[in-house]
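Every heavy atom of this structure was used, including side-chain atoms; hydrogens, water molecules and symmetry mates were not. Every value quoted in this text rests on a predicted model; they were computed, and no experiment measured them.
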Amino acid sequence: MNKTAKIYIAGHRGLVGSAILKSLKSKGYTNIITKTHSELDLTNQEKVANFFSKEKPEYVFLAAAKVGGIVSNNTYRAEFIYKNLMIQSNVIHHSYLNEVKKLLFLGSTCIYPKNAPQPIKEEHLLTNILEYTNEPYSIAKIAGIKMCESYNLQYGTNFISVMPTNLYGQNDNFDLETSHVIPALIRKMHLAKLLYEEKLEEVLKNTSHKTIEEALAYLSLFGISKKSVEIWGTGLPKRDFLWSEDMADACVFIMQNRDFKDMYSLDTVEIRNTHINIGTGKDISIKELAETIKEIIGFKGELIFNSNKPDGTMKKLIDVSKINKLGWKHNVELEEGLKQLNDWYVIQKLNKTC
Ligand SMILES: NC(=O)C1=CN([C@@H]2O[C@H](COP(=O)(O)OP(=O)(O)OC[C@H]3O[C@@H](n4cnc5c(N)ncnc54)[C@H](OP(=O)(O)O)[C@@H]3O)[C@@H](O)[C@H]2O)C=CC1
Ligand SMILES: C[C@H]1O[C@H](OP(=O)(O)OP(=O)(O)OC[C@H]2O[C@@H](n3cnc4c(=O)[nH]c(N)nc43)[C@H](O)[C@@H]2O)[C@@H](O)[C@@H](O)C1=O
């Protein structure tokens, strides 16, 4: 991938896409194409076909998807399967038709069985049943992996599938209903702290409500009060969290240095691993995570675990030995990343009107 190569980042305003854009720019890439969702709806086959035949990108980072946390996945099941299948089918197929040299497809570690052996290796794909809360999303992601594999084997393309663990970082989604756990807990605890300090004007600024009564009623739906914050589930599930800029770094590293055949040849033909895990290889319970965030923010109230909300997969530690062997390792440890994200949130979101 030379510095003037034409590179398309699909989803460049999202958590990962924005970090990939930043990384490529910092490395001196000058010919990057981006389109917002409203400029190019990737679920629309005709528009995607026109875009690819006009722009002819040489490299594609496929970081556009319908994404969300556990409740969002469980609630908007039809949207998760439909939109993800459409986006990835359109982008992968038109990348093939337009002779894209290399494409990177972002899947997710939720593709693995819910009770997969720990740490989860690439070869555990399709060995048992999936976690039900995110089954539609996972099935779409598995279809994406198999689409890349099939195009590589039949058409000789160079399409690589990476499976990120749970990600967090700047430009994340902080919506209380649809976000992932880290942005949700950061926002919940800041709001509870503002309530505790009786900074009601600031609470109002940080919700989309007109009166403080409406704002308080809304916050109570999410278990946010001056005395306590609700944490979904039992607190016992464990997750491996990766800083989004580390994820972007891994994506750029693979696009610069590795090909599909490097991954394919890592295993026996019988195992036919065609994708690669990206994470830290370390996990933490949601309870420990919540306590760490509480400490960073300085919230003095209680954490209340609501076991009526889903836990999801209990353990999702991934084996990262393959990506490590290929020459990449994460850089930012969780506590450092949480502090950085909290600082960013305070400047970019907490003191701005929603
Ligand atoms: N966040 C995480 O923890 C994890 C993410 N992943 C995967 O990483 C990738 C990136 O995720 P992340 O950055 O978190 O997601 P975000 O939700 O932050 O960003 C997704 C991007 O895709 C764009 N997009 C969505 N639908 C369309 C569409 N129909 N047409 C055009 N653009 C669209 C969005 O644009 P707009 O905002 O304008 O809608 C946005 O820029 C995804 O494939 C996701 O599945 C994998 C594991 C964990
Ligand atoms: C990346 C991954 O993201 C999703 O899966 P998930 O790992 O379950 O992600 P999550 O961040 O939403 O939750 C992690 C854990 O945290 C608990 N939890 C506590 N309190 C809150 C809370 O307030 N919000 C959220 N979202 N979770 C909370 C929550 O109950 C769960 O036990 C997939 O659907 C799938 O899309 C996917 O690939």
Side-chain angles (χ1 to χ4, degrees), residues 1-67 83-84 86-107 144-145 147-162 164 170-171 244-264 274-276 278 326-328:
M1 203 163 69
N2 69 47
K3 297 288 153 98
T4 55
K6 197 166 193 181
I7 303 169
Y8 169 47
I9 307 173
H12 72 287
R13 293 202 297 194
L15 172 67
V16 182
S18 63
I20 292 174
L21 180 61
K22 188 173 163 191
S23 169
L24 288 174
K25 281 188 175 167
S26 75
K27 289 181 168 65
Y29 287 91
T30 53
N31 195 2
I32 302 169
I33 328 166
T34 56
K35 291 278 174 203
T36 64
H37 190 158
S38 55
E39 287 166 343
L40 175 62
D41 180 353
L42 295 170
T43 63
N44 184 315
Q45 189 180 20
E46 195 184 338
K47 287 188 178 155
V48 174
N50 291 340
F51 167 77
F52 270 87
S53 60
K54 180 171 169 249
E55 293 291 349
K56 297 271 180 208
E58 294 169 86
Y59 296 87
V60 173
F61 288 84
L62 177 40
K66 168 82 181 160
V67 183
K83 289 189 179 173
N84 286 313
M86 293 301 285
I87 292 171
Q88 68 202 34
S89 298
N90 286 337
V91 174
I92 293 169
H93 186 63
H94 290 282
S95 292
Y96 153 64
L97 290 179
N98 290 281
E99 297 174 358
V100 163
K101 289 181 184 156
K102 212 190 277 191
L103 172 143
L104 193 81
F105 167 65
L106 278 85
I145 297 174
M147 200 166 163
C148 290
E149 175 188 345
S150 305
Y151 278 53
N152 290 339
L153 296 180
Q154 184 177 345
Y155 301 136
T157 49
N158 192 5
F159 296 167
I160 301 167
S161 298
V162 289
Q170 297 176 4
N171 302 317
S244 59
E245 291 182 356
D246 275 350
M247 180 61 207
D249 187 55
C251 292
V252 174
F253 169 81
I254 289 174
M255 286 292 257
Q256 283 176 325
N257 302 300
R258 299 288 172 236
D259 293 314
F260 169 70
K261 64 177 166 44
D262 297 330
M263 272 146 233
Y264 200 68
T274 55
H275 57 282
I276 188 143
I278 317 275
L326 286 176
W328 181 89

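Side-chain contact check for V60 versus I92: every heavy-atom pair is 4.5 Å or farther apart. L15 has its side chain out of reach of M247: every pair of non-hydrogen atoms, C-beta onward, lies at least 4.5 Å apart. Side-chain contact check for T157 versus L103: every heavy-atom pair is 4.5 Å or farther apart. Two residues are said to be in side-chain contact when any heavy atoms from C-beta on lie closer than 4.5 Å; L40 and Y8 meet this criterion. Considering only heavy atoms from C-beta on, L24 comes within 4.5 Å of M1 through its side chain.
Between Y96 and Y151, the ring planes are perpendicular. Angles over 60° get that label, and only those under 30° would be called parallel.
At least one donor-acceptor pair closer than 3.5 Å links the side chain of N257 to the backbone N or O of F253. Counting only distance, with no hydrogens or angles, the side chain of E55 and the backbone of F52 share no donor-acceptor pair below 3.5 Å. Put simply, the side chain of E58 gets close to the backbone of K6: a donor and an acceptor are under 3.5 Å apart. Using a distance-only test at 3.5 Å, with no hydrogens or angles considered, a donor-acceptor pair links the side chain of N158 to the main chain of F260. Between the side chain of K102 and the backbone N or O of M255, at least one donor-acceptor pair lies under 3.5 Å. Of the possible donor and acceptor atoms, none in the side chain of S161 sits under 3.5 Å from a partner among the backbone N and O of L104.
Under a cut-off of 6.0 angstrom, the local environment of NZ in K54 is sparse, with at most 12 non-hydrogen atoms contributed by other residues, nucleotides or ligands. Within 6.0 Å of atom CD in E46, 12 or fewer heavy atoms from other residues, nucleotides or ligands are found, so the atom counts as exposed in its surroundings. Within 6.0 Å of atom NZ in K25, 12 or fewer heavy atoms from other residues, nucleotides or ligands are found, so the atom counts as exposed in its surroundings. Summarising the local packing, NZ of K47 is surrounded by 12 or fewer heavy atoms from other residues, nucleotides or ligands at distances under 6.0 Å.
The minimum heavy-atom distance between A65 and N84, with the atom names listed, is CB-OD1, 3.2 Å. Shortest non-hydrogen contact noted between I160 and R258 is CD1-O, 3.6 Å. Contact between P57 and I33 at its shortest, heavy atoms only, is CB-CD1, 4.2 Å. What you find for I278 and A250 is that their closest heavy atoms are CG2-CB, 3.7 Å. The two residues L62 and F105 make their nearest non-hydrogen contact at CD2-CD1, 3.8 Å.
Taken to the nearest 0.5 Å, the CG atom of L42 stands 10.5 Å off from the CE atom of M86. Atom NZ in K22 sits 8.5 Å away from atom CG in N171 (nearest 0.5 Å). One distance of note links NE2 of H12 with CD1 of I32; it measures 10.5 Å at 0.5 Å rounding. Note that NE2 of H275 is 12.0 Å distant from SG of C148, once rounded to the nearest 0.5 Å. Taking OG1 from T34 and CD1 from I7, the interatomic distance works out to 12.0 Å, rounded to the nearest 0.5 Å. Remark: R13 CZ to H37 NE2 distance equals 10.0 Å, nearest 0.5 Å.
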Between N98 and K56, is a side-chain hydrogen bond (donor to acceptor under 3.5 Å, both in side chains) present by the stated rule, with each step listed? CA-CA 6 Å; N98 290 281; K56 297 271 180 208; 2.8 Å; yes
Could you walk me through whether T4 and N31 satisfy the side-chain hydrogen bond (donor to acceptor under 3.5 Å, both in side chains) test, starting with their C-alpha distance in whole Å, then the side-chain angles of each, then the deciding distance to 0.1 Å, before giving a yes or no? CA-CA 5 Å; T4 55; N31 195 2; over 6 Å; no
In sequence, state the C-alpha distance, the side-chain angles, and the governing distance for Y29 and Q256, and then conclude on side-chain hydrogen bond (donor to acceptor under 3.5 Å, both in side chains). CA-CA 12 Å; Y29 287 91; Q256 283 176 325; 2.9 Å; yes
Could you go through S23 and D249, starting from their C-alpha distance and side-chain angles, then the distance that decides it, and tell me whether this counts as side-chain hydrogen bond (donor to acceptor under 3.5 Å, both in side chains)? CA-CA 7 Å; S23 169; D249 187 55; 5.0 Å; no
